[in-house]
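One structure coming up, written as structure tokens, with questions to follow.
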Amino acid sequence: MDNETITRTRPRKVDQSPQRGPRTLPPMPSQYTDEMPITKTKKKKSKKGANGVEDREEPGVEMGGLGSRRQSETKQPLTPEPQDIPPQRKKKKKKVQNPDVEGEPAGQPELVNDDGVEQHTDGEEVPRKTKKKKKVKPPEMPYPDELGVEDDDIITDAQAPIPQHSLFSAPLSQSQPVGKVFVERNRRFQAADRSDLAKPSDQVDDLMEMKPLWTTRDVAMRVHGGFRVVGLFSHGFLAGYAVWNIIVVYVLAGEKLSNLPNLLQQYHPLAYPAQCLLYLLLAVSTVSAFDRVNLAESSMALRAFLTLDPAALASFMYFAALILSLSQQMTSDRINLYPSSNETLWPPGLEHQILQPWIVVNLVVALLVGLAWVFISTRPEMDYTEEFLMAMEVEEYPRQDKAEISA
Amino acid sequence: MLQTSNYSLVLLIQLALLTYDLFVNSFSELLRAAPVVQLVLFIIQDIAILFNVIIVLLMLFNTYVFRVGLVSLLLERFRSLLLLSGLYLALSIALHCWILNLRWLNSNHFVWTDGLETLFVFQRLAAVLYYYLYKRATEYLGDPRLYEDSPWLRDAFTRARQ
């Protein structure tokens, strides 16, 4: 930015040197009203020069001049860019003139006359140089970087527009678009209004606060929580459905399974849909129970089984019920096909032999599912997989903070 | 870094494919009136399993851990899923071929043998384990540490080099 503005303003300053006098003019009114303050300041400078400061000034004209200029910029409402070059010229002139000053204090009128050509800046800067050369020089040398940082930024930017716009609005607004500041965001420099500088930081803070709410891990946690709700519903529905199923079978079979043809006649359209629904609910419930135990972490799952954790027992029961239920697929299909192929699949007198294991297995499945639901219901909030995800999350953030600090 | 929207979309696709797989496993026996319907369902199911495996592999390739070269770290987490997915795909294709071959001419007759029932039980059990491991893997692939440089990854890298 500084380089750009310098390259832009330089030709103007060379070509339009009479205009630049008024451009850098915040001190001007004092000069127009009367020239006495200038002479006073020059006298001060000459007095100090006479007191032996000249020896310091020669090396200090460049170094201290820069430093004093920086501080004058920080305190003055002048913008830094257009002032960069005129002070250097004056310093060059001063370099030439300094031997005269050293030699004779009578060089004051020359200085005044020279400054009369370019009255604007010296009228304010020269006394500052003399004041701050003594004070600022020694602390400047060990900390040049800090002053360099101050040079760019805040104070001049904040104070500069006020007098310029109030005094010389038309030309200054062209050469110094002070309303915009380029701020680095997302690895790019973007233009922003100075008045809005405080707001983006708030927005960034808001983004930083919002961002953790929508990380991929949070999405995964939400999906996991949602499935746990579905699983919890499935546990209860499966238990109720299995109990209802076995009650219907026993009711239709009659007392001591004496009325099995009635069972086949009434139940055959229900057998296969019931089997399919049972598999669906068992699959969802088994996955949910495995999630609660975190079965994939074998050590954790084994410890849960050995300590007879309710979730571990429930997952074992669901898996056993799943195997038993699947093993009855053939019999269910046989019941399903009862009306179409009555002779071959259901020879007379063999109904009891085929149906009794099926009824017993269904009873066991219903018992297992009911017990598993009771075990799950004792601690419905327990979920080792979620705890594992949470533990990973808690484990990660301090490490990231450390990485940021080290970076 | 994995974007949350991209991850949500991929997660939605994966869960949709899993849901379809569960639906076909549950109710394909009821939809056997026309063998063509079952054929289409089974083909889509096998393609869905294949797609799911491909998506997981692509997500694994997308991780920073994989680019660094710590494939063993990923395999340690997802080996069981990859093995079981392959097993489940093989079992599914075998069962689908067998059942369709038996029912192609007459879909509504008794086809069960002990061998078919054994294959059926193993395929359905593998399906449940596959659902569990796949769902768990999709959730674990949302771990942000897999997608960026972190001290955790550096520790793993130094451990792997030793």
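Below, read A as the first sequence line, B as the second, and so on, with proteins coming before strands; counting in each chain starts at 1.
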Shortest non-hydrogen contact between A/Thr216 and B/Gly142, atoms and distance: OG1-O, 2.5 Å

In plain terms, say whether A/Arg217 and B/Asp143 are close enough for a salt bridge, that is, a side-chain N and a carboxylate O under 4.0 Å apart. yes

Can you confirm whether more than 12 heavy atoms, excluding those of B/Phe51, are under 6.0 Å from its CZ atom? no

May I ask you to say whether B/Glu139 pairs ionically with A/Arg222, meaning some side-chain N is under 4.0 Å from a carboxylate O? no

With only heavy atoms counted, which part of B/Leu11 is less than 4.5 Å from chain A, the side chain, the backbone, both or neither? side chain

Nearest-0.5 Å distance, CG of residue B/Leu129 to CG of residue A/Leu295: 8.0 Å

Identify which part of B/Phe110 has an atom lying under 4.5 Å from any heavy atom of chain A, answering side chain, backbone, both or neither. both

Just wondering, do B/Trp112 and A/Thr331 contact through their side chains at under 4.5 Å, heavy atoms? no

Side chain from CB out, backbone as N, CA, C, O: work out which of these in B/Leu141 comes under 4.5 Å of a heavy atom of chain A, or both, or neither. neither

If you count the non-hydrogen atoms of other residues, nucleotides and ligands that lie under 6.0 Å from CZ in B/Phe27, is the total more than 12? yes

Using a cut-off of under 4.5 Å on heavy-atom pairs, state which of A/Pro273, A/Ser288, A/Cys276 scores highest against chain B. A/Cys276

Neighbours of chain B found in residues 319-330 of chain A - heavy atoms under 4.5 Å: A/Phe319, A/Leu322, A/Ile323, A/Leu326, A/Ser327, A/Gln328, A/Gln329, A/Met330

Can you tell which part of B/Glu29 gets under 4.5 Å to a heavy atom of chain A, answering side chain, backbone, both or neither? both

Relative to chain A, which segment of B/Arg136 carries a heavy atom at a distance below 4.5 Å: side chain, backbone, both, or neither? side chain

Looking at every non-hydrogen atom in both residues, tell me the closest pair between B/Leu133 and A/Ala296 and how far apart they are. CD2-CB, 4.2 Å

What option among A/Tyr272, A/Phe290, A/Phe227 has the most heavy-atom pairs under 4.5 Å with chain B? A/Tyr272

What part of B/Asn6 lies closer than 4.5 angstrom to a heavy atom of chain A: side chain, backbone, both or neither? neither

Quick one: closest heavy-atom pair of A/Asp291 and B/Tyr132, and the distance? OD1-CE1, 3.2 Å

B/Leu22 side chain reached by A/Val284 side chain, heavy atoms, under 4.5 Å: yes

Other residues, nucleotides and ligands only: do more than 12 of their heavy atoms fall within 6.0 Å of CG on B/Asn106? yes

side-chain contact (heavy atoms from CB on, under 4.5 Å) partner of B/Ser26, the single match among A/Leu282, A/Leu280, A/Leu277: A/Leu280

Side chain, backbone, both or neither: which part of B/Asn108 has a non-hydrogen atom closer than 4.5 Å to chain A? both

Residue from A/Leu278, A/Asn336, A/Asp333 scoring the most non-hydrogen pairs under 4.5 Å with chain B is A/Asp333

